[in-house]
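The structure appears right after this line, and notes come after that.
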Amino acid sequence: MVPGKCATQINKSTPEDDYVSFMVYLRTNSVWETVSDVFRMLNETRPEDPIEFFKANVKIDNCDNRAIEETRREITEAEEKLKILRYDKLVLTANLNLLDKTIHVNRKPNLGVRSTVDEHDNETISETFSYSEHVL
């Protein structure tokens, strides 16, 4: 026993102690995570009856919640893949442009010949066109 303190003062908890203990209890039992998720969904959807929405979604094993979370996970994965694909597209486009310039510089003139028939004279007309016109 501490000198000058009685037994009831030593074991008495403060409101701050009760709060901390309660928060530990909520977090340990996944209550805090579940309630936070419902509040997040409530904020995103802003339903007309928030109390009913809260009641319906606070259930831990709610199949809609599982589907929503799975969809969110898939969206996040798809966004990451999209970032990679956009980067790859930029790199590939830059490489193709470089190759096109290289080929255009090294290409001999008149290699691209297009033949057309003139409607008036029925004669074949040959014209040259660039590499990019070949590709397109």
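Remember, predicted model here, so these are calculated numbers, not experimental data.
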Check: Arg46 side chain, Asn43 main-chain N or O, donor-acceptor pair, under 3.5 Å
yes
Counting distance only, does the side-chain N/O of Ser30 pair as donor-acceptor with the main-chain N or O of Glu33 below 3.5 Å?
no
Taking side chain as C-beta onward, heavy atoms only, is [X] less than 4.5 Å from [Y]?
X: Met41; Y: Phe53; result: yes
X: Phe22; Y: Tyr19; result: no
X: Trp32; Y: Ser36; result: yes

All pairs passing side-chain hydrogen bond (donor to acceptor under 3.5 Å, both in side chains) where residues 67-77 contributes a residue, at least two apart:
Arg40-Glu69, Glu44-Arg72, Glu69-Arg72, Glu70-Arg73, Arg73-Glu77
Please determine whether side-chain hydrogen bond (donor to acceptor under 3.5 Å, both in side chains) holds for the pair Ser21 and Asp18, giving the CA-CA distance in whole Å, both sets of side-chain angles, and the decisive distance to 0.1 Å.
CA-CA 5 Å; Ser21 173; Asp18 289 341; over 6 Å; no
Report the distance from atom [atom1] of [X] to atom [atom2] of [Y], rounding to the nearest 0.5 Å.
X: Leu82; Y: Lys89; atom1: CG; atom2: NZ; value: 10.5 Å
X: Leu85; Y: Leu90; atom1: CG; atom2: CG; value: 11.0 Å
X: Thr34; Y: Asn57; atom1: OG1; atom2: CG; value: 11.5 Å
X: Leu96; Y: Ile103; atom1: CG; atom2: CD1; value: 9.5 Å
X: Ile75; Y: Glu79; atom1: CD1; atom2: CD; value: 7.0 Å
X: Met23; Y: Leu26; atom1: CE; atom2: CG; value: 6.0 Å

Should we count CD1 of Ile51 as having more than 12 external heavy atoms under 6.0 Å?
no
Among residues at least two apart in sequence or on other chains, which ones pass side-chain hydrogen bond (donor to acceptor under 3.5 Å, both in side chains) with Asp88?
none
Asn95: which residues meet the side-chain hydrogen bond (donor to acceptor under 3.5 Å, both in side chains) condition with it, sequence neighbours left out?
none
